[in-house]
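Chain A is the first sequence line, chain B the second, and so forth, proteins listed ahead of strands; every chain is numbered from 1.
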Amino acid sequence: RDIVLLWPPPAKYGGRHTVTLIPGDGIGPELLNHVRELFRFSCVPVDFEVVNVCSSTEDDINNAITAIRRNGVALKGNIETLHTLPASHKSRNNLLRTSLDLYANVMHCKSLPGVQTRHNNIDIMIIRENTEGEYSSLEHESVTGVVECLKIITRTNSLRIAEYAFKLAREKGRKRVTAVHKANIMKLGDGLFLQCCREVAAGYPDIAFDAMIVDNTTMQLVSKPQQFDVMVMPNLYGNVVSNVCAGLVGGPGLVPGANYGHDYAVFETATRNTGKSIADRNIANPTAMLLASCMMLDHLKLYDYATMIRNAVLTTMNETRVRLNSPRRCSPHTFHN
Amino acid sequence: MYFPGFSYEAFSACVLVMLWQTKHLLMFVGKITPNLTHVLGAVKKPALCSRSAFTRGLKTVTLIPGDGIGPEISVAVMKIFEAAKTPIQWEERNVTAIQGPGGKWIIPPDCKESMDRTLIGLKGPLKTPIAAGHPSMNLLLRKTFDLYANVRPCVSIEGYKTPYTDVDLVTIRENTEGEYSGIEHIIVDGVVQSIKLITEDASRRIAEYAFEYARNNQRSSVTAVHKANIMRMSDGLFLRKCREVAENFKDIKFTEMYLDTVCLNMVQDPTQFDVLVMPNLYGDILSDLCAGLIGGLGVTPSGNIGANGVAIFESVHGTAPDIAGLDLANPTALLLSAVMMLRHMGMHDYGKKIETACFDTIRDKKVLTGDLGGKSKCSEFTEEICRRVKDLD
């Protein structure tokens, strides 16, 4: 069963859980509507508290954060960051992750039998540090025309994420953890990350540990992805590697992702796409969001419902053998079970 | 001034003959003064073309064989070039870090002098010993010649099967700044900060190079890869410069895409990309990703373009010390980089000939080195390519 590191969420009244729902932008609202319909159809004892976040003021995101603190669990779509706005307007998604200290982003990439891809038998768990690294949003223009961006790596966060990775690997019966880094160039920063991983690895002698440089990792991923088991890495490399892996197993519409903190958990699609170009056309693939909601049900300890919905989704994917490149109507799919 | 096809030797010979005849005529007339003889005598050596790289129509190129398998693959490339009768003269130099005045690590002065003169270089793999006390040789070369652009064209090789076919893209990576500025501090014990530097000048320079490359090589679109939603100011600056430069190149389509979207789409459908331009770290990751798509570093060419017209083409694989000296190495990467070099120098015909011979050999699959799936030796592979090159004549 899933993570036993976190306390169960507090928002439960009369046997029904309350979960914060953040629709976001682009395809987020329609996918989350599918989730709600499916939950209603399956009589899942979860109520959603919807909090809309529009990208202009800070109040909306603060309301969302308060709601998540209240309920403990959230399901969210991606909130768009218009980078034409001035730099003081930070990414809302990033703000949410850092305020709630959701330090681990977990993504499980598994080849689905019904999906045609170039590589088969992929089964990789990616654990990505979610709060610091290149995403610290600390930038300044010291001289006109010269911009400095700070990448922060700390010992506490690196130890924390390494601990998480090894605990998860042990729980799931995984054999090997690979740390992805670029310590030959960023000797102090990634060097510290690597050192922390090695220290934690020493406490788990049953799990093999090795390290790989990020450019070699991407090259290996496109030629032989079957060699990887569990991977742990800082923020930016996590972004690259998780997108590569999602592409390898069939695309952004198939893989769910989860952000875990000490007290809170937020579930979303793994590649965090806004999908503006396919929004409102009924062609977005709801699989990722549905599987994310199953992960959420597992977290709420509603294991039976989770299994039921997961089986329904995977059976639809595998039996009807729907080709991912063709536009498909997504609403009939959700009532398959 | 230089006129192609014009022989300075013939011209100077004619001038000398005329002057000699004039001198003797004047002497015969008896009006020669010692000063005039002296002046006429001084004209015996006319000024040669200032580009001493051209002697007898041959272009001189600095060759840095490198370490490990470097010398064997350099020999292979030289043999193939000889078979193709390319007008290239090689000047071999070695690169080892030496400590110059003031304790700064520099490359040997004879290598620097050779490169400054020839402006074109071909380099094999260089080893970077860990804890040698000096920075990597590649970094030194980059700093010495201000190699600001790393160009890596990735084209699927027919005959070398990978899960990806029809890959045809070019990654252009900014090579001097960005995340690899090497500026790191320990703020307090347990907190490290690395600084990523993005400047206007470097961004503009790389964007201009990318668009010019696209135009000169008949490419239709340039995509800027960035993460400006997170790194607003730094990647925002890079993106702004790219947009400004795109204004001057209206014939080429310009798009922008997030790094994660590029990665996602690249592994699903690499045919949608053409020329990609990006800062240092993303370029490092993406160029290796694209190399992986076509078969790895053993078959990928690479070129580094510097300010002042310097260009160094190199193979990006390692020194492979385990197979060094055993005649098992695969010279394809260095050969394709040399072909890139020929194209850069304008010798497209020779480049095409050698490239065709190389691809035909790989497609035939009769004589292949170990890493390509065959059992032949490096020398046999080279012989086969030489044979094909001669046949193509």
Dump the table of donor-acceptor contacts under 3.5 Å between chain A and chain B, or return none if there are none.
unit_1: Leu82(A); atom_1: O; unit_2: Arg232(B); atom_2: NH2; d: 3.3
unit_1: His83(A); atom_1: ND1; unit_2: Tyr258(B); atom_2: OH; d: 2.9
unit_1: Leu85(A); atom_1: O; unit_2: Arg232(B); atom_2: NH2; d: 2.9
unit_1: Pro86(A); atom_1: O; unit_2: Arg232(B); atom_2: NH2; d: 3.4
unit_1: His89(A); atom_1: O; unit_2: Arg232(B); atom_2: NH1; d: 2.1
unit_1: Arg118(A); atom_1: NE; unit_2: Pro163(B); atom_2: O; d: 3.0
unit_1: Arg118(A); atom_1: NH1; unit_2: Val267(B); atom_2: O; d: 3.4
unit_1: Arg118(A); atom_1: NH1; unit_2: Gln268(B); atom_2: O; d: 2.8
unit_1: His119(A); atom_1: NE2; unit_2: Tyr164(B); atom_2: OH; d: 3.4
unit_1: Glu139(A); atom_1: OE1; unit_2: Arg232(B); atom_2: N; d: 3.1
unit_1: Glu139(A); atom_1: OE1; unit_2: Met233(B); atom_2: N; d: 2.9
unit_1: Glu139(A); atom_1: OE2; unit_2: Met233(B); atom_2: N; d: 3.3
unit_1: Glu139(A); atom_1: OE2; unit_2: Ser234(B); atom_2: N; d: 3.0
unit_1: Glu139(A); atom_1: OE2; unit_2: Ser234(B); atom_2: OG; d: 2.5
unit_1: Gly145(A); atom_1: O; unit_2: Glu200(B); atom_2: N; d: 2.7
unit_1: Val147(A); atom_1: N; unit_2: Ile198(B); atom_2: O; d: 2.7
unit_1: Val147(A); atom_1: O; unit_2: Ile198(B); atom_2: N; d: 2.9
unit_1: Cys149(A); atom_1: N; unit_2: Lys196(B); atom_2: O; d: 2.8
unit_1: Cys149(A); atom_1: O; unit_2: Lys196(B); atom_2: N; d: 2.8
unit_1: Lys151(A); atom_1: N; unit_2: Ser194(B); atom_2: O; d: 2.8
unit_1: Lys151(A); atom_1: O; unit_2: Ser194(B); atom_2: N; d: 2.8
unit_1: Ile153(A); atom_1: N; unit_2: Val192(B); atom_2: O; d: 2.8
unit_1: Ile153(A); atom_1: O; unit_2: Val192(B); atom_2: N; d: 2.7
unit_1: Arg155(A); atom_1: N; unit_2: Gly190(B); atom_2: O; d: 2.7
unit_1: Lys182(A); atom_1: NZ; unit_2: Asp284(B); atom_2: OD2; d: 2.7
unit_1: Lys187(A); atom_1: N; unit_2: Glu184(B); atom_2: OE1; d: 3.1
unit_1: Leu188(A); atom_1: N; unit_2: Glu184(B); atom_2: OE1; d: 3.0
unit_1: Leu188(A); atom_1: N; unit_2: Glu184(B); atom_2: OE2; d: 3.4
unit_1: Gly189(A); atom_1: N; unit_2: Glu184(B); atom_2: OE2; d: 2.9
unit_1: Asn239(A); atom_1: ND2; unit_2: Asp260(B); atom_2: OD2; d: 3.4
unit_1: Gly250(A); atom_1: O; unit_2: Gln268(B); atom_2: NE2; d: 3.4

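Atom CG of residue Leu138(A) and atom CD1 of residue Ile195(B) lie 11.0 Å apart, to the nearest 0.5 angstrom.
Leu297(B) touches chain A through backbone and side chain together, each having a heavy atom under 4.5 Å away. At a 4.5 Å heavy-atom cutoff, the contact between Leu239(B) and chain A is made by side-chain atoms alone. Contacts of Ile185(A) with chain B are made by both backbone and side-chain atoms, with heavy-atom separations under 4.5 Å. Contacts between Leu237(B) and chain A at a heavy-atom distance below 4.5 Å involve the side chain alone, from C-beta outward. With a 4.5 angstrom heavy-atom cutoff, Leu236(A) touches chain B only via side-chain atoms.
Chain B forms more heavy-atom pairs under 4.5 Å with one residue of Leu188(A), Val146(A), Ile152(A) than with any other, namely Leu188(A). Comparing Ala246(A), Pro252(A), Cys196(A) by how many heavy-atom pairs each has under 4.5 Å with chain B, the most go to Pro252(A). Between chain A and the residues Leu139(B), Leu259(B), Val188(B), Val267(B), the most heavy-atom pairs under 4.5 angstrom are made by Val267(B).
Within 6.0 Å of the CD1 atom in Ile186(B), the count of heavy atoms belonging to other residues, nucleotides or ligands does not exceed 12.
Closest non-hydrogen pair, Val244(A) versus Cys263(B), comes out as CG2-CB, 3.8 Å.
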